[in-house]
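To start, the structure under review is shown below, and the notes come after it.
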2 protein chains.
Amino acid sequence: MMQSIIATIDVVLLTIQDDRLCVVLSKRDKEPYANLDALPGGYIHAEEDRDSLDAAVRILQQKTSLIPPYLEQLRTFAGASRDPRGWSISVVYFALVNNDLIISSQQPGLTICPVDELRRLPFDHNEIIETAVDRIRNKSQYSSLPCYLAGETFTLPRLQKIYEACLGEGLNKVSFRRKMDELGVLEEIPGQTESGGAHRPAQVYGLKSEFKNQLKLLERGL
Amino acid sequence: MMQSIIATIDVVLLTIQDDRLCVVLSKRDKEPYANLDALPGGYIHAEEDRDSLDAAVRILQQKTSLIPPYLEQLRTFAGASRDPRGWSISVVYFALVNNDLIISSQQPGLTICPVDELRRLPFDHNEIIETAVDRIRNKSQYSSLPCYLAGETFTLPRLQKIYEACLGEGLNKVSFRRKMDELGVLEEIPGQTESGGAHRPAQVYGLKSEFKNQLKLLERGL
DNA sequence: TAAATTAGTTACAAATTGCAACTAACAAAA
DNA sequence: TTTTGTTAGTTGCAATTTGTAACTAATTTA
């Protein structure tokens with residue numbers, strides 16, 4: 001006879017805070033590991049969810065009240081020993097959202113923690129987050145992915161900081177701007193500038209509408 | 001009450017035949033779709049498999065008698081309508097193997113079909129194979145991945161054909177050789193050459209042993 | 001009005017890539 | 001034995017891309 005397998009979804013929701021890549025954790029309200037911070041997750045509801053993406057959107061909405069501008073499947077973590085309840089499958093999604101949206105959601109129980117300062121988390125959630133960080137590192141190298149962390153409008157110096165946080169390394173200003181130009185996903189917001197102090201203000205940009213739901217890739221990375 | 005969810009594994013086993021990228025299909029011995037060609041797959045056995053990779057190895061072994069030199073998770077396909085039996089999760093793996101190993105396995109029920117000549121397959125297997133082809137296209141651009149399709153030993157012109165089949169486009173000979181040199185995963189087999197006709201014979205190479213289980217990545221793609 | 005600071009550009013050197021033409025090595029035909 | 005045809009492999013150089021330093025621009029504050 002076939003022993004039943006637990007089917008769940010977890011979401012690695014990443015954001016930028018203080019120029020650092022952070023993950024959003026949610027305090028668990030049920031056993032196992034009740035009251036501990038962990039990745040937002042939950043059971044797949046076969047009656048309610050048409051597919052796993054549906055389930056991820058529903059669960060993320062319930063746990064964080066957010067609908068992130070970017071959501072893709074990361075990988076599935078499955079096995080006998082990752083969950084004390086038994087053999088489990090977790091289809092893990094990977095989401096990006098601007099920090100301000102998390103703050104303004106006012107959702108209780110959320111913690112925002114830099115990915116390089118995480119303590120031991122329940123289940124295999126540390127390994128899952130590592131996988132997500134690897135993925136964003138890799139994809140940021142040759143795509144517009146980090147733009148989804150930047151919010152509606154942003155300056156190029158700000159976007160560069162975000163790319164640097166994603167990649168975990170500093171970038172050359174000229175090269176970065178050349179690549180953003182080559183990507184062609186940004187549009188200048190005419191007349192709008194932002195000055196963070198006693199110096200020349202920076203031009204404000206936004207994502208072109210055709211790229212709000214469409215990643216753009218570079219031939220050669222940055 | 002929670003309706004039960006079917007947990008399965010499918011494997012996209014890719015190979016090169018006549019310089020073309022092909023997928024290995026297996027004739028289904030059970031319903032649904034009995035006797036039709038489909039991706040080799042099967043149920044996860046919670047008692048027997050420690051994790052999903054274990055399950056993939058077991059299922060691939062059972063269906064093809066092969067242990068491929070490369071096996072990684074592709075993506076999970078899950079939803080209410082992909083399998084007539086009900087809400088199902090398929091954790092899909094992606095494997096590469098040299099064609100000669102398939103032929104010599106003598107396993108009955110296997111078909112080798114070029115990925116661009118597939119007819120309509122059961123379940124969402126066409127979509128799954130497309131995803132696998134996208135993955136190999138992408139990864140071949142900046143890694144030693146296609147080497148796993150080449151067998152124990154091979155010449156550079158042969159390896160170039162394999163890369164071209166994976167990428168779906170021709171490559172410049174000089175650039176290709178420069179990149180292989182930069183990758184540094186190959187070792188010359190001294191004195192061994194192979195001549196496919198009335199012309200200069202080609203040097204034979206193999207994978208350095210430290211890269212037989214370790215993908216090598218390029219900074220900039222080829 | 002000058003100083004400080006960050007935004008953004010320019011010019012050029014260095015590295016990488018793509019291409020064409022070359023040499024090398026073999027078998028088969030003459 | 002020489003010539004021819006064919007593929008293997010290399011070389012040199014032009015074209016493109018990338019990295020760097022130094023520049024100009026625009027702002028606030030002293």
Side-chain angles (χ1 to χ4, degrees), chain A residues 18-19 140-144 147 150-151 153-165 167-206 216-222, chain B residues 18-19 140-144 147 150-151 153-165 167-206 216-222:
Chain A
D18 302 327
D19 293 338
S140 297
Q141 207 120 69
Y142 59 91
S143 81
S144 56
C147 297
T153 64
F154 45 84
T155 65
L156 280 179
R158 169 95 190 100
L159 187 60
Q160 182 171 347
K161 290 270 190 208
I162 292 170
Y163 265 86
E164 288 171 344
L167 291 166
E169 65 183 17
L171 294 172
N172 178 277
K173 181 170 56 162
V174 178
S175 300
F176 176 73
R177 296 168 96 98
R178 268 198 290 241
K179 283 297 178 184
M180 286 303 111
D181 192 49
E182 185 190 336
L183 256 183
V185 300
L186 302 183
E187 84 191 334
E188 198 174 299
I189 303 192
Q192 202 176 332
T193 59
E194 189 183 306
S195 174
H199 54 78
R200 176 173 175 174
Q203 175 63 50
V204 171
Y205 292 83
K216 183 75 185 291
L217 305 180
L218 285 167
E219 282 296 315
R220 267 168 296 278
L222 38 68
Chain B
D18 302 328
D19 293 341
S140 298
Q141 207 122 71
Y142 59 89
S143 81
S144 56
C147 298
T153 64
F154 45 85
T155 65
L156 280 180
R158 169 96 189 101
L159 187 60
Q160 181 171 349
K161 291 272 190 205
I162 293 172
Y163 265 86
E164 288 171 344
L167 292 167
E169 65 183 18
L171 293 172
N172 178 277
K173 182 172 54 165
V174 179
S175 300
F176 176 73
R177 296 170 95 100
R178 267 198 291 242
K179 283 296 177 183
M180 285 306 110
D181 192 50
E182 185 190 336
L183 255 183
V185 300
L186 302 184
E187 86 192 333
E188 198 173 300
I189 302 191
Q192 202 176 332
T193 59
E194 188 183 307
S195 173
H199 53 77
R200 174 173 176 175
Q203 175 63 49
V204 171
Y205 293 84
K216 183 76 184 294
L217 305 179
L218 286 166
E219 282 295 317
R220 266 169 295 279
L222 38 70

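Below, all heavy atoms of this structure are taken into account, side chains as well, without hydrogens, waters or symmetry copies. Labels below follow one simple rule: chain letters A, B, ... track the order of the sequence lines, proteins then strands, and each chain is numbered from 1.
Applying the 4.0 Å criterion to OP1 and OP2 of C/dT17, one finds that B/Lys179 has a side-chain N or O inside that range. Contact between the side-chain N/O atoms of B/Ser175 and the OP1/OP2 oxygens of C/dG18 is found at a separation under 4.0 Å.
One atom, NZ of A/Lys161, and another, C1' of C/dT6, lie 11 Å apart when rounded to the nearest Å. Atom CD of A/Glu219 is separated from atom P of D/dT16 by 16 Å (rounded to the nearest Å). Atom-to-atom, CG of B/Asn172 to C1' of D/dG9 comes out at 13 Å; the value is rounded to the nearest Å. Separating the NZ atom of A/Lys173 from the P atom of C/dA7 is a distance of 7 Å, rounded to the nearest angstrom. Straight-line distance from the CD atom of A/Gln160 to the C1' atom of C/dT6: 12 Å, rounded to whole Å. Here the P atom of nucleotide C/dG8 and the CG atom of A/Leu186 are 12 Å apart, to the nearest Å. Atoms CE (A/Met180) and P (C/dT9) sit 15 Å apart, rounded to a whole Å. Atom pair A/Leu171:CG and D/dT20:P shows a separation of 11 Å (rounding to whole Å applied).
Taking 3.5 Å as the limit, the base of D/dG19 and the side chain of A/Arg178 contain a donor-acceptor pair of atoms between them.
Taking 4.0 Å as the cut-off between side-chain N and carboxylate O, B/Arg158 and B/Asp19 count as a salt-bridged pair.
Nearest-nucleotide positions on DNA chain D for A/Gly221 and A/Arg200 put A/Gly221 closer to the 5' end.
Among the nucleotides D/dT28, C/dT17, C/dG8, the one closest to the side chain of B/Glu182 is C/dT17. Of the candidate nucleotides C/dT16, C/dC26, C/dG8, C/dG8 has the atom lying nearest to any side-chain atom of A/Gln203. The B/His199 side chain lies nearest to D/dT6 when the options are D/dA26, D/dT6, C/dT9. For B/Leu156, the side-chain atoms get nearest to D/dG9 when compared with the rest of D/dT20, D/dG9, D/dT17. Closest to the A/Val174 side chain, of the nucleotides C/dT16, D/dT28, D/dA21, is D/dA21. Considering only side-chain atoms of B/Arg177, the nucleotide from C/dT17, C/dT5, D/dT10 that sits closest is D/dT10.
Checked by atom type and distance alone, the side chain of B/Ser144 pairs as donor or acceptor with a backbone atom of B/Lys216 at under 3.5 Å. When atom types are taken as modelled, the side chain of A/Gln203 and the backbone of A/Gln192 share a donor-acceptor pair closer than 3.5 angstrom. At least one donor-acceptor pair closer than 3.5 Å links the side chain of B/Gln160 to the backbone N or O of B/Leu171.
Between A/Tyr142 and B/Tyr142, the ring planes are tilted. Angles from 30° to 60° get that label.
Heavy atoms of B/Gly196 sit nowhere under 4.0 angstrom from any nucleic acid atom.
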